[in-house]
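So that the names make sense, note that chain A is the first sequence line, chain B the second, and so on, each numbered from 1. Note that the structure is a prediction, hence the values are computed from the model and not measured.
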Protein chains: 2
Amino acid sequence: MDKPSSPSRRITIVDVARHAQVSTTAVSKVLRNAYGVSPTMQTKVRQAIAELGYRPNAAARGMRGQTYTIGVMLPNIINPFFAQILDGLTDQLGGTDYQVLLGPGCNGEAEEARVTHAMIDRSMDGMILIAPISARKHLESVASTVPTVVVGRHGHSPTYDTVADDDLTGGALVVNHLADLGHQRIAHIEHHETDPDRLAEMPNAIRAAGYRHAMQARGLADHIDIASTTYTQEGGYLGAQQLLARPTRPTAIFAGADIVAMGVLDAIAEAGLRVPEDISVAGYDNTTFAAFRPISLTSVDQAGYQIGAHAARLLLDRIAARGRPTAQIKLSPTLVPRRSTAPPR
Amino acid sequence: MDKPSSPSRRITIVDVARHAQVSTTAVSKVLRNAYGVSPTMQTKVRQAIAELGYRPNAAARGMRGQTYTIGVMLPNIINPFFAQILDGLTDQLGGTDYQVLLGPGCNGEAEEARVTHAMIDRSMDGMILIAPISARKHLESVASTVPTVVVGRHGHSPTYDTVADDDLTGGALVVNHLADLGHQRIAHIEHHETDPDRLAEMPNAIRAAGYRHAMQARGLADHIDIASTTYTQEGGYLGAQQLLARPTRPTAIFAGADIVAMGVLDAIAEAGLRVPEDISVAGYDNTTFAAFRPISLTSVDQAGYQIGAHAARLLLDRIAARGRPTAQIKLSPTLVPRRSTAPPR
DNA sequence: ACATTTCTGTAAAACGTTACCCACGAACAC
DNA sequence: GTGTTCGTGGGTAACGTTTTACAGAAATGT
C-alpha cells in the first residue's frame, strides 16, 4: 500500500527501494554503477526506476557526491565562434551523465567573478572558462576549488588545463597572405591591452604580436601600423576611420576579429571605397558572417569544434584524476581566403 | 580555537554561527532576511559573514528551501535576438539574489526534454523557456512542477505565463510597408509547420498568417505566394531559389527571419540580381546583421529587451505567488525600414 | 502588580543522497 | 573441518541548510 503523502511529491530513492524491495544503498549503488552489485539486483532496481519514473535529486547528490553538472562561462553569447566551441563540448559530453549549464554572457571582471562564484556555490563538478578576462590569480583560485579548463587564453598554470588556438601563427597567416598578394602597408586593429599579465596571455594581444613579428620577418617593419581600439563592431568602425585618415592610407586592414571587420567594412563603405579594389580586409574567427557570400570575408578559422571537444576531454580527465599535471593544448589555425582580399592596385 | 579539520574546507553556516557566537538558525534568518531578527543580530552576523568570506551552499539550500537559480532554455545561442532577451532578463534580475543559468542551445523535442528535466532535477526556482518547440503537453507538465514563463510562443495556458510579440501584426507591418511602396507580387518564406498545435502557437506560423491576412486586406490575395522551408540561412537560400524560378518573379520577398534573409540575399546575388533595384527584401528580428550598414536590411524589431524584462517580472511574481492566474503579455513590434526595400521598377 | 501579547533567539528535525563500515553466506586453501 | 577470502547487500551517519516548534525576555494592556 503506497501512500503518497502529498498529491504530487517527487519520487525519491526511498520509493524506488521500497518498490524494488531492496535497500536505498543498493539503489544508490546501481545509480552510480558502483562496485558490488549483482546482475539480478541491477535489473530489479532498473525496472523499479523505470516503472516509477524516478530521477535523482541533484541537490541531494551535491551534498555528498557529485552534481553531474559542468559549468561553462563565456563572455557573450552572440559570437558564433563560441557556439562552435559549445557544439564540440556538448557532443563530447553527450554520452556521459554530465549536463552542461552556461553562465549568462558576462563581460568585465566583476561579472566573471559573480558567475564563477555562483557556479562554485552550486557545487559544479567542473568548469570551463571561455576567453576569461579575469586576473590570473582569480582563475587560479577558481581552479584550486574545482577542476577547471581555461579555453582561449595562453600561458600555463599549475592548476588548470588550457586549450587555445595558436594566435601567433594566426596573425602571421594573415600577414603572409596579404604580403604574398603584394601588400606592404598592412595595418592592424587590435583590442587595447595594457595589463602585463594579459598582454602575455590574451589572444588579442598575441594576435597583435603575431602581426608584428610577421611584418618584421617580411621586411615590412616600417609599415607596422596599429589602431588600438576594442574587439567590437564599434571598435572596428573607429579603428578603420583612424587608419583611413592616415596621410598614406594602408592598402590592407587586418581586423583582429570578424566582428571588428564588420565595423571596418562599414567605415570603408562610408568613405566611398570598395573592397577589395581599393582596400583589402581580413578578419579572424571565420564566423558565419565571414562566410556569407555577399560579404565573403577572408578570415582565420580557429577550429572551435575541436577546441570544445578537447576542453571537454581534458575536464573529464581532470575530474577523474584531480592531481594529474596540467596540460596545454594548442591548435593550429588555418587561413580561409575569400573575396575581400586581393592584390593592391 | 578554530580547528580547520581539512586544509581548505569550505566555510559553512556553522562556522559563521560559532564566529558570531549565535545559533545557526539566526544566521540562516539573516541570510534569508526572514522575520524576527534584531538590528544588533543583523550587524553581528553580517560582519561574521564578511570576515569569513562565507557563501551559502546552494545544494544544501536546495534540499530544504530555494536554490536561487533560474533556468533559461533557448533553442540556440547564435541568434542575437536571444541575446537581447537575455539582457532584459538579467538586468531585471540584477538586483535580486537569483542567478540565471542557461541550458545549452537545444533544437529538437528530445533535447528540450533533456534540458528541462535537467533543470527540474537541479531544483531550479523558476524556468524561462524561450521559443520552445515541444508539444504543449510537455510545457504544461514542466510548468506544473516549477514556476514557468514561456517566451515567444502564443496561446494561453492555465499553468504558465507567456510573453510574446504580436507576430500577426508584425507580418502585416511588412506587407503594408511593401504594398505602400507599390509592390504587388510580395512573396513570403516561412518555416514549414504541419502540427496543428504549433500552427496556432508558433511565431513562424503566426507571421505567415499575418502575411496572408494582410495580403487579403490589401486586395492582393491573388499574389499570395509562400515558399515553405525552414528558418535557417540554408532555408532562405532554397526558398529564394524557388521563388526566383517562378514564371513571373516576385518583386519583393518577405523572409520570416533575418537569418532567412541572409540566405535570400545570397541567392539573389548569385542570380545576378540587385537589392533593392531588382527585388526588395525584408527580414524579421532586427538583428545586428540587419542593422549592418552595407546590408541595411528592412526588418521588424521585436523589442527583445522588453520581452526579457517582462518575462523576468512575471516569473518573480509567480515564484512569490504560485497560485495566481496566468498572464499573457503581448508586445507590439515596429517596422525598421532600411535600404533593402524600395518601390518596384 | 499581574496577565497577555509580541519579539528574539535556540534546539532539533527534516530534506534525499552517498560514504563508510559491517554482516552474512559461499567458495576456497590448508 | 577450520580459517580466510571474496562477493553481495544493508544499516547508519553524515552533508549544510531551512523549517518547525518552543522558551524566555521584553513590551503592552488592564
Candidates [options] - which lies nearest the side chain of [X]:
| X | options | value |
| --- | --- | --- |
| Lys29(A) | dG10(D), dT17(C), dC7(C) | dG10(D) |
| Pro56(A) | dA11(C), dT17(C), dT18(D) | dT17(C) |
| Thr12(B) | dG10(D), dG9(C), dT17(D) | dT17(D) |
| Ala26(B) | dG16(C), dG7(D), dT10(C) | dT10(C) |
| Met63(B) | dG9(D), dT17(C), dC15(C) | dC15(C) |
| Thr25(A) | dG16(D), dT20(D), dT12(D) | dT12(D) |
| Arg64(A) | dC15(D), dT17(D), dG9(C) | dC15(D) |
| Val37(A) | dT18(C), dG9(D), dT8(D) | dG9(D) |

With respect to the phosphate group of [N], does any side-chain polar atom (N or O) of [X] fall under 4.0 Å of OP1 or OP2?
| X | N | value |
| --- | --- | --- |
| Ser38(B) | dG9(C) | yes |
| Tyr54(B) | dT17(D) | yes |
| Arg32(A) | dA19(C) | yes |

Check this for me: does any side-chain nitrogen of one of Asp125(A) and Arg61(A) sit under 4.0 Å from a carboxylate oxygen of the other?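 Looking at Arg61(A) together with Asp125(A), the answer is no, because their closest N to O distance does not fall below 4.0 Å.
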
Answer yes when Arg10(B) and Asp121(A) have at least one side-chain N-carboxylate O distance shorter than 4.0 Å, and no when they do not.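 Judged by the 4.0 Å cut-off on N to carboxylate O distance, Arg10(B) and Asp121(A) do form a salt bridge.
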
Quick check: do Met73(B) and Val142(B) have side-chain heavy atoms less than 4.5 Å from each other?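 When only atoms from C-beta onward are counted, Val142(B) and Met73(B) do not touch, as no gap falls below 4.5 Å.
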
Heavy-atom distance under 4.5 Å between the side chains of Thr67(B) and Arg122(A), does that happen here?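 Of all side-chain heavy-atom pairs linking Arg122(A) with Thr67(B), none is under 4.5 Å.
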
On a heavy-atom basis, which atom in Tyr160(A) and which in Thr148(A) lie closest, and how many Å separate them?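 Here Tyr160(A) and Thr148(A) meet closest at CB-O, 3.5 Å.
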
To the nearest angstrom, how far is [X] atom [atom1] from [N] atom [atom2]?
| X | N | atom1 | atom2 | result |
| --- | --- | --- | --- | --- |
| Asp15(B) | dT17(D) | CG | P | 9 Å |
| Leu31(A) | dG16(C) | CG | P | 15 Å |
| Gln66(B) | dT19(D) | CD | C1' | 13 Å |
| Tyr35(B) | dT20(D) | OH | P | 17 Å |
| Ile13(B) | dA12(C) | CD1 | P | 17 Å |
| Lys44(A) | dT8(D) | NZ | C1' | 11 Å |
| Gln42(A) | dT8(D) | CD | P | 11 Å |
| Ile11(A) | dC15(C) | CD1 | P | 15 Å |

Starting from the 5' end of DNA chain D, give me the residue, Thr24(A) or Thr40(A), whose nearest nucleotide shows up first.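 Nearest nucleotide further toward 5': that of Thr40(A).
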
